[in-house]
Amino acid sequence: MQIETFHDEATSTFTYVVFEPESGDAVVIDPVLALDTVESRVSAGPVEKVAAFLEAEGLKLHLILETHAHADHLSGAQELKARFPGARLAIGRRITEVQQVFQKVFELPADFATDGSQFDLLLEDGEVVEAGKLAFEVISTPGHTPACVTYLFEDAIFTGDALFMPDMGTGRCDFPGGSAEDLYDSITGRLYALPDETRVFVGHDYQPGGRELAWETTLAAQKASNVQLPASRSRADFVAFRSQRDAGLSSPRLLFQSVQVNVGGGRLLRYFKIPVNVFRPEPAPKGAEATSLREEPISEARP
């Protein structure tokens, strides 16, 4: 098994091609489609780099794997499927829960399916999947979202937004259905239970402190020095930390566009719905001017 890494600088996202050189069997994990929000223009640039590699190496793409419905970039899955018609799109079975939530949030059409049928395969926890001579295990790792899964190929795991590099920590848990408790259990109970030498390939890297880009580490390094969740940290301590930190985070730049596309299997929309938050002055005490503002959702169905 070999792994080729692609980095989308605009969204700090990693896409991986996992392949078996002799047979040419391959899978792609978390492909990216570029979006210019000013011009509302979509570009296949990031996907084209992946496709060019697959073609240059003569690889047969069996599966496109999503670790979850991303909230920071548009999935390039459909573009890849168009270029490689034999490829199937797969995601964790709990994507149906995410679809049900965001169908209401964005008031998607009544015929928007919330049964996961936009994907070719809905993967179960513990399922072993074969893609030619490649084989991997699906590990359910909810917390960032309910549908998050980690993929285990031989001695390597692809964690999406559950675990980042040790100096970055873990994924946020404040999206609908997210849970710091679940993330703690997923990481400490499922991932940290794997051998220490297991290689970890992360979904993003934001280069804290301006260090060099990094995408690979080990579980031993995570357990010893993850800045947010070393193996020694208690569940209560992590949950309190994660909850406080998430409360101060801004929304991802492409949140609304990404979620609407990605819950539908990466299918593009003609228009995006953008929820509006209305700011109104706080009532002022008698004899004083109103100087502060409060945020008032225009709809209760708000992420």
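The residues of the chain are indexed from 1 along the displayed sequence.
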(message) What I want to check is whether the side chains of Ser140 and Arg94 have a donor and an acceptor closer together than 3.5 Å.
(response) no
(request) Taking the side chain as every heavy atom from C-beta outward, state whether Leu219 and Pro195 have any pair of such atoms under 4.5 Å apart. (result) no
(message) I'd like to know if the side chain of Gln222 pairs up with that of Thr217 as donor and acceptor (distance under 3.5 Å, no hydrogens or angles considered).
(response) no
(request) Answer yes if the side chains of Thr141 and Thr150 hold a donor-acceptor pair under 3.5 Å, and no otherwise. (result) yes
(message) Under a 4.0 Å threshold between the charged nitrogen and the carboxylate oxygen, would Lys133 count as salt-bridged to Glu22?
(response) no
(request) Give a yes or no on whether a salt bridge exists between Asp205 and Arg211, defined as a side-chain N under 4.0 angstrom from a carboxylate O. (result) yes
(message) Could you check whether Asp72 pairs with Arg253 (Lys NZ or Arg NE/NH1/NH2 to Asp/Glu carboxylate O, under 4.0 Å)?
(response) no
(message) I'd like to know if Asp185 and Arg235 make a salt bridge, using a cut-off of under 4.0 Å between side-chain N and carboxylate O.
(response) yes
(message) Can you see whether Glu20 engages Ser23 through a side-chain donor-acceptor pair at a distance of less than 3.5 angstrom?
(response) yes
(message) Does Arg83 have more than 12 heavy atoms from other residues, nucleotides or ligands lying within 6.0 Å of its CZ?
(response) yes
(message) ring pair (Phe, Tyr, Trp, His ring centres under 6.0 Å) for Tyr16 and Phe201? Distances and angles first, verdict last.
(response) CA-CA 9 Å; Tyr16 299 100; Phe201 291 84; 5.6 Å; yes
(message) Under a 3.5 Å threshold, yes or no: a donor from one side chain and an acceptor from the other, between Asp25 and His62?
(response) yes
(message) Membership question, hydrophobic clusters at under 4.5 Å side-chain separation (ILVMFWY): are Leu65 and Val149 in the same one?
(response) yes
(request) Measure from the side-chain N and O atoms of Tyr184 to the backbone N and O of Ser179, and report whether any donor-acceptor pair falls under 3.5 Å. (result) no
(request) Take atom NZ of Lys49 as the centre, draw a 6.0 Å sphere, and report whether it contains more than 12 heavy atoms from other residues, nucleotides or ligands. (result) no
(request) Using a strict cut-off of less than 4.0 Å between a Lys/Arg side-chain nitrogen and an Asp/Glu carboxylate oxygen, indicate whether Asp161 and Arg172 qualify as a salt bridge. (result) no
(message) Could you check whether any side-chain N or O of Glu127 sits under 3.5 Å from a backbone N or O of Leu123, counting only pairs where one atom can act as donor and the other as acceptor?
(response) no
(message) What I want to find out is whether Lys81 reaches Asp120 closely enough, with some N-O distance under 4.0 Å, to be called a salt bridge.
(response) yes
(request) Give a yes/no verdict on a cation-pi contact between Arg93 and Phe119, requiring under 6.0 Å between NZ or CZ and the six-membered ring centre and an angle within 45° of the axis. (result) no
(request) For the pair Glu216 and Arg199, evaluate side-chain contact (heavy atoms from CB on, under 4.5 Å) and give the outcome as yes or no after the intermediate values. (result) CA-CA 7 Å; Glu216 180 182 351; Arg199 294 181 291 164; 3.0 Å; yes
(message) Between Phe53 and Phe19 (judged by ring centroids, cut-off 6.0 Å), do the two rings come close enough to count as a pair?
(response) yes
(message) According to ring-ring contact (aromatic ring centres under 6.0 Å, His included), who are the partners of Phe175, at least two apart in sequence or on a separate chain?
(response) His144
